[in-house]
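Down below is the structure, laid out as structure tokens.
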2 protein chains.
Amino acid sequence: METHPLTAREQRAWEGYRRMQGLLASQLNRHLLRETGLSEADFVILDALLAAPDHRLRSLALRCEVQWEKSRLSHHLARMQQRGLVAREECPEDSRGAVFRLTDAGRAAVTAAAGHRVAAIRSYLLDLLTPEQMDTLGDVSEAVLTRLAREDPHRHAIAELARPDPGARSNPGA
Amino acid sequence: METHPLTAREQRAWEGYRRMQGLLASQLNRHLLRETGLSEADFVILDALLAAPDHRLRSLALRCEVQWEKSRLSHHLARMQQRGLVAREECPEDSRGAVFRLTDAGRAAVTAAAGHRVAAIRSYLLDLLTPEQMDTLGDVSEAVLTRLAREDPHRHAIAELARPDPGARSNPGA
DNA sequence: AGCCATTGGTTGACGTGTCATCCAACCGCG
DNA sequence: CGCGGTTGGATGACACGTCAACCAATGGCT
């Protein structure tokens, strides 16, 4: 395969991004886990259930919302069920399906964790940026997400199934 | 803890970034693994060794270079040794230390993988950005890395030990 | 009504990363 | 020279994520 090496400008953007995203993700995860007992992955799931009608979502809809692979979601939900954070119910409209409900313990945990999480996100990322940088980060992310959705329409584009208008959310966590 | 929810602008930046970084990382990793048999983590290690004098680095220096936790590095190097990609040697100046050398198989693998990796990084990220967006991504990454280094000087700031001048690199991969 | 392809979700195997702990070697200090 | 604190690296346990395979239910088509 014939490809040219990255230019210095590309190198700076890519290398900086690559290093940053790994360190930031693990720092935010470590911080949240230490402060609240919830991992970032836990939080994302619980937050999606918190926002859902009756604090319930079918696995399929939840998968669309968080955009995880199905076996990742299945395994993670099983572990969260074991910890008492969610409960599994039958799906009334499709016997193949599973519905997951936020338990009282799960609700308390995610509610308590939200503030810690926002504080860390501000401290390690948002408060460091100018308004222009923040908007560009949003633009870049949108462009990449659009590109990824083209790559595998089934894997990514189904995200629209879950919630077409993210701006309507009142809870900021996820 | 009393923190305000994110503003709409902050939410767009954070939520977009959060979703994007997870999907991008797993797509790049999946693509590289499928095309070359090397994971992104493999590549980063091999590329650091490729660039090192004699294609050798002490574990400590390698750890500074890639900025991983020590047990992550130790476990990963053990697996790569098992696959014949690197070889472990004694450290001549510190009996506690270990030196890792790129094997012929490792060198062939990382050399063959470099083009695929660059092509994927361009396709999924760099080619989507304007020059201004690319520079801003670099600036944002730099700001976050600086912040993270303050958080735990021992964990992050030691990166300077490995290579003070990244611009001197001729191989673009890592 | 029956058939068949697709789908929703689970499961097991295995690679990966974090945390805590351990141990031998190093180095600074008295 | 001896001591004690620190360091470099390994190890085990366990949580996590990917891949392939499986199976029952669904839905479209004849």
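Per chain, numbering begins at 1; letters A, B, ... match sequence-line order.
The backbone N or O of A:Lys70 lies less than 3.5 Å from no partner atom in the side chain of A:Ser74, so there is not a single donor-acceptor pair.
Defined by atom type and a distance below 3.5 Å, a donor-acceptor pair is missing between the side-chain atoms of A:Ser141 and B:Arg18. Of the N and O atoms on the side chains of B:Asn29 and B:Ser26, not one donor lies less than 3.5 Å from an acceptor on the other residue.
Remark: A:Arg72 is not in phosphate contact with D:dC16, judged by side-chain N or O atoms under 4.0 Å from OP1 or OP2. When the side-chain nitrogen and oxygen atoms of A:His75 are compared with OP1 and OP2 of D:dT18, none of them lie within a distance under 4.0 Å. When the side-chain nitrogen and oxygen atoms of A:Arg30 are compared with OP1 and OP2 of C:dC19, one or more of them lie within a distance under 4.0 Å.
Regarding A:His76, its NE2 atom lies at a distance of 16 Å from the P atom of C:dT11, rounded to whole Å. Between the CG atom of A:Leu38 and the P atom of D:dC16 there is a distance of 11 Å, rounded to whole Å. Here the P atom of nucleotide C:dT10 and the CZ atom of A:Arg79 are 13 Å apart, to the nearest Å. In this structure, CZ of A:Arg34 is placed 14 Å from C1' of C:dA20, rounded to the nearest angstrom. Remark: C1' of C:dT16 and CD1 of B:Ile45 are 13 Å apart, rounded to the nearest angstrom. When rounded to the nearest whole Å, the span between CG of A:Leu32 and P of C:dC19 equals 12 Å. Straight-line distance from the CD atom of B:Glu69 to the C1' atom of C:dT21: 15 Å, rounded to whole Å. Atom-to-atom, CZ of A:Arg63 to P of C:dT10 comes out at 11 Å; the value is rounded to the nearest Å.
In this structure, A:Ser59 reaches the sugar-phosphate backbone alone: every heavy-atom distance under 4.0 Å involves primed, P, OP1 or OP2 atoms, never a base. Contact annotation for A:Arg58: backbone-only contact, meaning every heavy-atom pair under 4.0 Å involves sugar-phosphate atoms and none involves a base.
Evaluation of the salt bridge (Lys or Arg N to Asp or Glu O under 4.0 Å) test over residues 97-110 of chain A, restricted to residues two or more places apart or in two chains, returns A:Glu89-A:Arg101. Sorted by first then second residue, the ring pair (Phe, Tyr, Trp, His ring centres under 6.0 Å) pairs that include residues 76-111 of chain B, not counting sequence neighbours, are B:Trp68-B:His76. Sequence neighbours left out, the pairs with a member in residues 124-144 of chain B that pass salt bridge (Lys or Arg N to Asp or Glu O under 4.0 Å) are A:Arg9-B:Asp135, A:Arg12-B:Asp139, A:Arg12-B:Glu142.
Taking every heavy atom of both residues into account, A:Leu28 and A:Ile121 meet most closely at CD2-N, 4.1 Å.
Side-chain contact check for A:Arg30 versus B:Glu69: some heavy-atom pair is nearer than 4.5 Å.
Residues from residues 83-109 of chain B lying near DNA chain C, meaning a heavy-atom separation below 4.0 Å, are B:Asp94, B:Ser95, B:Arg96 in numerical order.
Listed nucleotides: C:dT18, C:dT16, C:dT11. Nearest to the side chain of B:Ser71: C:dT18.
Evaluation of the salt bridge (charged side-chain N to carboxylate O under 4.0 Å, His left out) rule for B:Arg79 yields no partner, not counting sequence neighbours.
Computed from C1' positions of five pairs at each end, the angle between the two local axes of the helix from C:dA1-D:dT30 to C:dG30-D:dC1 equals 20°, rounded to 10 degrees.
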